[in-house]
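The structure under discussion appears below in the form of structure tokens.
Residue numbers start from 1 in every chain, and the chains themselves are labelled A, B, ... in the order their sequence lines are given, proteins ahead of strands. These values consider heavy atoms only, across backbone and side chains, with no hydrogens, waters or symmetry-generated copies.
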Number of protein chains: 2
Amino acid sequence: MKLLTRDTDYAVRALLAMAARKSMVAVSDLVIELKIPRPFLRRILQRLTKADVLGSLKGKGGGFVLKREPAKISLVDLMAIFQGPVQLSECLFKKKICPNRKTCPLRSEISEIEDFALTKLRSITIAKLLRK
Amino acid sequence: MKLLTRDTDYAVRALLAMAARKSMVAVSDLVIELKIPRPFLRRILQRLTKADVLGSLKGKGGGFVLKREPAKISLVDLMAIFQGPVQLSECLFKKKICPNRKTCPLRSEISEIEDFALTKLRSITIAKLLRK
DNA sequence: AGTAATGATACCATATTAGTATCATTTGTC
DNA sequence: GACAAATGATACTAATATGGTATCATTACT
Ligand code: FES
Ligand code: FES
């Protein structure tokens, strides 16, 4: 089971590169550095901009900048942006097996897994990854 | 993120039905009870048979029976059969970010998530689900 | 022999993921 | 103001995974 999709993966790499520079960067530059297909990377950065993780400047000399602190960008955030919210606790069996969700022992186990995963994933931030 | 795929889901339901009966059942009967498309269910049961969870008997009066104890059939087992082994700790970033896996702080966090999930999922067995 | 079952396998349909292409809009520079 | 260099928006194609179907061979009971 894949935990991260490729968008998320690329987003992390791009953010790491940008966090290292701190200044406005054009996609062209990042493409050279990261070797990610240009239009694909563009779309990813645009989504990050919409999500307010990046800021952008149009026109000549424009590009993208980090807008949020690296310590405040975690894997869950990025997963949420590119893969939808991390929720493993959706009813596994679509009501066929457990009659009511309140007393379902399955749900409680799954919820624990989710909580655990969320905590861990939240602790992995761009800042943390940068320190290496 | 979907934790279980539909095959797994259906497998659980079928196994529950079979565990309740304990005798040889033909697909036709299960189809009526479970309302799962017949050829699809057939393929699922065949895979379970290959995995030695079920036994089967060909020919008239044949069908499938539970071969393994309900307490020894867990969600991880079924996930492994239908979705491949549960391993979340595959290197997330394909070597681009962490130079060497041994000292990777990410890996340790992810491994913890995986261990936790595995333990929980292993504890959910057909027997346990049946007790309701 | 005939029939009712599974075994094996190939096939089709749909959804998700990965990646591309294009045109509009903004902005700095001459 | 014209031009060039950037992003914004969006629509499209390709590849893969999932969900589901169809078919024929094989086995076994009657
Ligand atoms: S599995 Fe859905 S409520 Fe228990
Ligand atoms: S993310 Fe792959 S080794 Fe750290």
Side-chain angles (χ1 to χ4, degrees), chain A residues 1-14 18 23-32 34-67 78-79 81-85 90 92-94, chain B residues 1-14 18 23-32 34-67 78-79 81-85 90 92-94:
Chain A
M1 217 180 68
K2 220 185 320 177
L3 202 58
L4 301 196
T5 182
R6 196 168 300 189
D7 307 75
T8 310
D9 181 341
Y10 285 170
V12 174
R13 299 188 202 179
M18 298 179 77
S23 59
M24 184 85 64
V25 198
V27 169
S28 316
D29 294 356
L30 284 176
V31 162
I32 294 169
L34 301 172
K35 285 168 191 162
I36 294 171
R38 184 191 184 120
F40 198 18
L41 179 57
R42 242 161 75 71
R43 215 184 40 178
I44 290 170
L45 296 185
Q46 287 183 356
R47 287 178 82 177
L48 286 172
T49 304
K50 269 192 183 167
D52 233 43
V53 173
L54 297 181
S56 69
L57 193 71
K58 276 177 158 183
K60 200 168 183 175
F64 297 89
V65 224
L66 219 60
K67 194 171 176 184
L78 299 175
M79 290 175 76
I81 292 171
F82 293 102
Q83 319 185 40
E90 270 291 290
L92 293 181
F93 300 110
K94 307 258 170 77
Chain B
M1 218 179 67
K2 220 185 319 179
L3 202 58
L4 300 196
T5 182
R6 196 169 300 190
D7 308 73
T8 311
D9 181 343
Y10 285 170
V12 173
R13 298 188 201 179
M18 299 179 77
S23 59
M24 184 85 66
V25 198
V27 169
S28 318
D29 294 356
L30 284 176
V31 162
I32 294 169
L34 301 172
K35 286 167 189 163
I36 295 173
R38 186 193 182 118
F40 197 19
L41 179 56
R42 243 161 73 70
R43 215 184 39 176
I44 290 170
L45 296 185
Q46 287 182 358
R47 287 179 82 178
L48 286 172
T49 305
K50 269 195 183 165
D52 233 46
V53 173
L54 297 180
S56 70
L57 192 71
K58 276 176 157 185
K60 201 169 181 175
F64 297 89
V65 225
L66 220 61
K67 194 171 176 184
L78 299 175
M79 290 175 76
I81 292 170
F82 294 103
Q83 317 184 38
E90 269 291 290
L92 293 181
F93 299 110
K94 308 256 170 75

Of A:Gly59 and B:Leu57, the one whose closest DNA chain C nucleotide lies more 5':
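It is B:Leu57, whose closest nucleotide lies nearer the 5' terminus.
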
To the nearest Å, how far apart are [X] [atom1] and [N] [atom2]?
X	N	atom1	atom2	answer
B:Arg43	C:dT9	CZ	P	13 Å
A:Met1	C:dT17	CE	C1'	16 Å
A:Leu30	D:dA6	CG	P	12 Å
B:Leu41	C:dT6	CG	C1'	12 Å
A:Asp7	C:dG19	CG	C1'	10 Å
A:Arg47	D:dT10	CZ	P	14 Å
A:Leu54	D:dA6	CG	C1'	15 Å
A:Leu45	D:dG8	CG	P	9 Å

Is the distance from OP1 or OP2 of [N] to the nearest side-chain N or O of [X] less than 4.0 Å?
X	N	result
A:Ser28	D:dA5	no
A:Ser56	D:dA6	no
A:Lys60	C:dT25	no

Checking A:Thr5, A:Thr8, A:Asp7 against A:Gln83 for side-chain hydrogen bond (donor to acceptor under 3.5 Å, both in side chains), the one that qualifies is A:Thr8

Minimum-distance nucleotide to [X] side chain [options: [options]]:
X	options	answer
A:Tyr10	C:dA21, C:dT6, C:dG19	C:dG19
B:Phe64	C:dG7, D:dT18, D:dT7	C:dG7
A:Gln46	C:dA18, D:dG20, D:dG8	D:dG8
A:Lys2	C:dA18, D:dA6, C:dT6	C:dA18
A:Lys58	D:dT27, C:dT26, D:dT21	C:dT26
B:Phe40	D:dG19, C:dA8, C:dT20	D:dG19
A:Thr49	D:dG8, D:dG20, D:dT18	D:dG8
B:Arg42	C:dG19, C:dA21, D:dT23	D:dT23

If you round to the nearest 0.5 Å, how far is CD1 of B:Ile32 from CZ of B:Arg38?
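Those atoms lie 9.0 Å apart.
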
[X] versus [Y], closest heavy-atom pair with distance:
X	Y	value
B:Ala26	B:Gly62	CB-O, 4.0 Å
A:Phe82	A:Arg47	CD2-NH1, 3.6 Å
A:Thr49	A:Ser56	CG2-OG, 3.8 Å

Considering every strand and a 4.0 Å limit on heavy-atom distances, what is the contact class for B:Gly61: base, sugar-phosphate, or nothing?
nothing

N/O donor-acceptor pair, side chain B:Arg6 with base D:dG20, under 3.5 angstrom
no

Minimum side-chain heavy-atom gap A:Ile36-A:Val31 below 4.5 Å
no

Walking DNA chain D from its 5' end, the first of B:Pro37 and B:Phe82 to be reached, judged by nearest nucleotide, is B:Phe82

